[in-house]
Amino acid sequence: MKRKLLATLLSATMVITLLSGCGGDSGGESGGVKYDDGYGENVLRVTYTDEIESGDPRQTTADYIIQLNVFDTLTKTEANEDGELEIVPGLAESWTISDDGKTYSFKLREGVTFTNGETLTSDDVLYTVDSMLDPERAALNTDWMNMIAGAQDVLDGNSETVEGKGIIIHDDNNFDIVLEDSYSPFLATLSVPGWSILNREACEEADEAGGGPSVTKFGNDPEYTVGCGPFILKEWVLNDHVYLEANPDYWQGAPAIEGVVIKVIPDADTEKMLFESGQTDIFDLDVARHLIPEYQESEEWSDNIVPKTVLGVTYLAINEKIEPFDDVNVRKALQMAIDKETIIEEMYSGTAVPANGIYPPGLIGYNEDLEEIPYDPEGAKELLAEAGYPDGFDMTIATTANDDQATTDLVAIIQQQFAEIGVNVTIDQMDEASWYDVRATGELPMYMATWYADINDPDNFIYTFFSDDSTVTRSFNYYNTEAMDRIEAARHMTDEDARVKEYQDLEKLVIQDDAAWIPLWHAEKVRLVQHRVKGFVPHWAGYGDCCFYGVELELSGE
Amino acid sequence: MLKYVIKRILISIPLMIAVVLVVFLMLQVLPGNPVSVMMGEKASPDVIERVTEQMGLNDPVWERFIDYLVNAVQGDLGTSYKLSRPISDLIADSFPNTVKLAITSALVSWIIGVFAGIISAIKKDTLLDRFLMGFSLVGISLPVFWGAMLLQFIFGYTLGWLPISGYSTPAHMILPAVILGWTSSGTIARLTRSSLLGIMENDYIRTARAKGLDESLVVVKHGLKNAMIPVVTMMAMQFASLLSGAVITESVFGIGGIGVLMVSAVNTRDMPLLQGSVIFSTMIIIIGNLVADILYSFLDPKIREQ
């Protein structure tokens, strides 16, 4: 009997061996790696945890991997040799700004072609703006353009174009953008993926093929998706992969690699196996932070870790409408009750830095000299006693059912640390949609969240939370109207040094003096790359999405 | 016979409409505005308000349901929030992969199940019977995700014989088909065994044996043919449920089928996509049951006479 069992197992193994010999005979070989996806060796292989949202720059606020590789913007944000971020020319070769800061005159780079053969002209810039604002399209990135003169009329359906008002075309390569009011971060704004310049002809064709602007084929169907970036959207197999092919006519020169395969791998363990067997080139450890120590200690991989400080900040929001958070001493006590160093060591394997304000390191306005908020539970208790809560109080932290395990753990740790100063935290887990809805009404209790930079400007941080517009809708209910007026005014300052100084003063005022939020940390994004990958540059803001233009691959024959 | 088939089809129609209504209403009562979830942290309140209006989400529920039903009958299930494409296109792209997985794993399941069932029945109460039934019990009890990861680890990662994830070549389908087939083969094996054992006690089997027929002929021709009625029904229903998406297997192996589509719709709160794919899957189950019923009536004349 046992012999029979053994024989069955053996024959099953043999059958599987035979079958495996039949398939998977495609692809190149590199250092023993046989690619089973059918693409050649000089192709970069990256992963994505979920199906990528639309590749249409107008229709996504989250996934930018296609936009960053297939399209191009008028300006670009890049790190210079010293690692400082600066705005450099992109499709716009040069520009001048009027004294009142409202008119930007651009000169477009000549000879840039879209992948349908059309040449880039000023009209394409006009189309990009008009089509984003078109109410029929229900586009999601209108925020990046609504400061343009006449934009509101188009959004409201009272006008079809900003031409003549917000955009004045002089000729094919020269045009002005006129703003409703001066807006200092405008050049930085032009570098966001939402400002990807589109080709009028290609987009109109795609709209028609799909049956209208709201169901356009642009950005989804490779046949209709046309950009002027370093790669071309070549193939999109739903929930499997997207293939970006090198654009041989890219204005900065063709990429060194043949293309990029973006594989959709929802499962972290599968992703680990794929990376370790060489089937993928870049492993974003955000999906598996617990693996970081293992790789840090691994002889094979420790040199291949690419950390990038994210231009972002994780924080606890304080709702000043809820008692006792209206008392500044209570807020300060909570700021002092969190042992950030320990959390960073335990939960992030050291891959984060403690935050004391709102701006992350690397961002314009980041203040190295900002006073440290100490971890001081005893001092915190004294502050609570001073505020009339010697025995602490009860409070709630709202989380969503969609939070990942790491976030859930972090909130639980914070709950414990607050308990040490006598503050009793109840964790209220809500449905994600209700969480957003309640937050928009200004009634959400304390919550933990992370904000990432869209543009390299302090306005993108402080205005988002502490302006008249959003302090209620993000459930801060910050009361200091004087500070909020200064935050609004700082947007329009044109003297750069004075502006940075003002933002640093505002940070000290809002975060430290008024203790309007609890700064936690600036996390790093940690990636692992294969030995063959050279020249990989993470996105300047530390997004998961990157442009792969500079990547080179060491091939096995070399 | 034709009358029976027509009757069964007609009964299915109100069921389908009821399913659409229930799924639609269920997703309507969910709290919150899907647009705010869709846009996440980066959304400003006025953009959310504008997009909500532009998408028609402020219209009354009944108006949206009628619209939905009228469009759905014409094959238009709306547009996905997240992926900005027609849902019918998304389903049309995903379904063939689910079909591929369903067919291969159903074959594995049927072959293992029927053979194990027959052998167990013939060798009743021997060690081989216990082993095969144990094997099928393991299959039923095995968590698919764990078994799948184990196979990936052994055959994909350690031995490197088979691809770990994806579905572009036939080799990609082997591991998912084996694990899914194995886990669904247990039910078939046990059903085949018990059904065949029941049949083998009948008088006509004894008669067949008595007239000197070869034992294998007795089992196959007289026994199995009659024993297969409940098994075939089970097979059809199992196939229908495989067609409606093997959520876990698809996710672990990265097969872009209906299951993965549903999971990503849940994760991203893509209500129209969730609605569309759930309705589609339910339709597949209803049609599967319909086919099972009709098959049953073919195999067993007693049923259609009733």
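Not measured: the values here are computed from a predicted model. A, B, ... follow the sequence lines: proteins, then strands. Residue 1 opens every chain.
Comparing A/D143, A/D267, A/V264, A/T400 by heavy-atom pairs within less than 4.5 Å of chain B, the highest count is held by A/D143. Counting heavy-atom pairs closer than 4.5 Å to chain B, the top-ranked of the candidates A/T142, A/T473, A/T60, A/L274 is A/L274. The residue among A/E53, A/E51, A/H241 with the most heavy atom pairs within less than 4.5 Å of chain B is A/E53. The greatest number of non-hydrogen atom pairs below 4.5 Å with chain B, out of A/T49, A/N220, A/T61, is found for A/N220. Chain A forms the most heavy-atom pairs under 4.5 Å with one residue out of B/V263, B/L90, B/V35, B/I48, and that residue is B/L90. Comparing B/S165, B/P86, B/G257, B/G156 by how many heavy-atom pairs each has under 4.5 Å with chain A, the most go to B/S165. Chosen from A/L140, A/D50, A/D56, the residue pairing most often with chain B at heavy-atom distances under 4.5 Å is A/L140.
Geometrically, A/R45 does not engage A/Y39 in a cation-pi contact, judged by NZ or CZ lying under 6.0 Å from the ring centre and within 45° of the ring axis.
Looking at A/D545 and A/Y48, their side chains do bring a donor and an acceptor atom within 3.5 Å of each other. For the residue pair B/D270 / B/S80, a side-chain donor-acceptor distance below 3.5 Å is found, with atom types taken as modelled. Donor-acceptor pairing under 3.5 Å is recorded for the side chains of B/E250 and B/T98. Side-chain polar atoms of A/T47 and A/E271 form a donor-acceptor pair below 3.5 angstrom. In summary, the side chains of A/T450 and A/T314 do present a donor paired with an acceptor at a separation below 3.5 Å, with no hydrogens or angles considered.
With a 4.5 Å cut-off on non-hydrogen atoms, A/I265 touches chain B through its side chain but not through its backbone. Neither the backbone nor the side chain of A/R137 comes within less than 4.5 Å of any heavy atom in chain B. In this structure, the portions of A/L155 lying under 4.5 Å from any heavy atom of chain B include both its backbone and its side chain. Proximity to chain B (any heavy atom under 4.5 Å) is shown, for A/S470, by neither the backbone nor the side chain. B/V252 touches chain A through backbone and side chain together, each having a heavy atom under 4.5 Å away. Heavy atoms closer than 4.5 Å to chain A are found in both the backbone and the side chain of B/F153. Looking at B/S264, the atoms closer than 4.5 Å to chain A (heavy atoms on both sides) sit in the backbone and in the side chain alike. With a 4.5 angstrom heavy-atom cutoff, A/S277 touches chain B via backbone and side-chain atoms both. Interface residue A/D454: backbone and side-chain heavy atoms are both found under 4.5 Å from chain B.
A 4.5 Å side-chain heavy-atom check between B/T79 and A/S214 finds every atom pair outside the cut-off. Counting heavy atoms from C-beta outward, B/F95 and B/F280 have side chains that approach closer than 4.5 Å.
Ion pair A/D134/A/R58 not flagged as a salt bridge, since none of the NZ, NE, NH1 or NH2 atoms sits closer than 4.0 Å to an Asp/Glu carboxylate oxygen. Of the charged side-chain nitrogens involved, none lies within less than 4.0 Å of a carboxylate oxygen, so that B/R85 and A/D221 do not count as a salt-bridged pair.
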